[in-house]
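Since the model is a prediction, treat every value here as computed from it, not as a measurement.
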Amino acid sequence: MKYPFTPKSTRFLIEGQFWAIPLSSGRFTCGRVLQFELRSGKWDQRYFLAGLMDWSGDNEPTSSLIAGRGILEHGKAHIKCISDPGFEIVGHRSLADDGVEIPLTLSHRAGPHIMVQRGFEALGGASPDQERL
């Protein structure tokens, strides 16, 4: 794959790719592709799970600069969060090489059938203790 590029859909994205996010201070932080959502057996072409990395620097991120860094926040993101502000995918680094795991979350906070999830993947029903978190 040739970098940099501006994605128009999730079709050419792969888990571990990253992009620079400029900060108002003139520094940069880093977004990362974490996971894709399957709908009816197909990848969603617009939405993916994005992570904000625990990294900032004076220059755009590189594979070596973000090595070993974890995730500060994560959430479902539209492909336009990269393309509309004019950002580009600038590289790839395997999530496994950095020990990056998608944190466990709850499907929702109140009501019936609360599930424990890892990104888009449902792992099972939440226990009463987990539901109170």
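Contact record, Ile102 with Gly119: CG2-N, 3.4 Å, taken as the closest heavy-atom pair. Trp43 approaches Leu38 most closely through the heavy-atom pair CD1-CD2, 3.2 Å. Listed here is the closest heavy atom pair of Ile79 and Ser9: CD1-O, 3.6 Å. Contact detail for Asp98 and Ile66: the closest heavy-atom pair is OD2-O, 4.0 Å. Of all the heavy atoms in Pro103 and Ile71, the pair that sits closest is CD-CD1, 4.4 Å. When all heavy atoms are compared, the tightest approach of Gln35 to Glu15 is CA-OE2, 3.6 Å.
Distance check, rounded to the nearest 0.5 Å: CD of Gln45 to CG of Leu13 gives 9.5 Å. Taken from OG in Ser63 to CG in Asp97, the straight-line distance is 8.0 Å, to the nearest 0.5 Å. Atom-to-atom distance recorded for Ile21:CD1 and Trp55:CH2 is 10.0 Å, nearest 0.5 angstrom.
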TODO: Could you give me the CA-CA distance, side-chain angles and deciding distance for Lys76 and Asp44, then say whether salt bridge (Lys or Arg N to Asp or Glu O under 4.0 Å) is met?
DONE: CA-CA 11 Å; Lys76 186 174 182 176; Asp44 188 298; 5.7 Å; no
Open item on the list: Does Leu23 form a side-chain contact (heavy atoms from CB on, under 4.5 Å) with Thr29? I'd like the steps, not just the answer.
Closed with: CA-CA 7 Å; Leu23 301 172; Thr29 191; 3.9 Å; yes
Open item on the list: For a side-chain contact (heavy atoms from CB on, under 4.5 Å) check, start with the C-alpha distance between Val90 and Glu60, then their side-chain angles and the critical distance, and finish with the verdict.
Closed with: CA-CA 9 Å; Val90 295; Glu60 290 192 5; 3.9 Å; yes
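With contacts defined as side-chain heavy-atom distances shorter than 4.5 Å, the pair Leu106/Val116 qualifies. Here the side chains of His108 and Ile114 are in contact, with some heavy-atom distance below 4.5 Å. Inter-residue side-chain proximity for Ile82 and Thr6 is flagged as unmet; no heavy-atom pair is nearer than 4.5 Å. Looking only at side-chain heavy atoms (C-beta outward), Phe18 and Ile89 stay at 4.5 Å or farther from each other. Side-chain atoms of Arg32 and Leu52, non-hydrogen and from C-beta on, never get closer than 4.5 Å to each other. His74 places a side-chain heavy atom less than 4.5 Å from the side chain of Leu34. Residues Arg46 and Lys80 are not in side-chain contact: their nearest non-hydrogen atoms beyond the backbone lie 4.5 Å or more apart.
When each of His92, Gln17, Glu88 is paired with Tyr3, the side chain to side chain donor-acceptor pair (under 3.5 Å) condition holds for Gln17 and for no other.
Counting only distance, with no hydrogens or angles, the side chain of Thr62 and the backbone of Leu65 share a donor-acceptor pair below 3.5 Å.
Residues passing the ring pair (Phe, Tyr, Trp, His ring centres under 6.0 Å) test with Phe28: none are found, sequence neighbours excluded. Arg69 pairs by the side-chain hydrogen bond (donor to acceptor under 3.5 Å, both in side chains) definition with nothing, not counting sequence neighbours.
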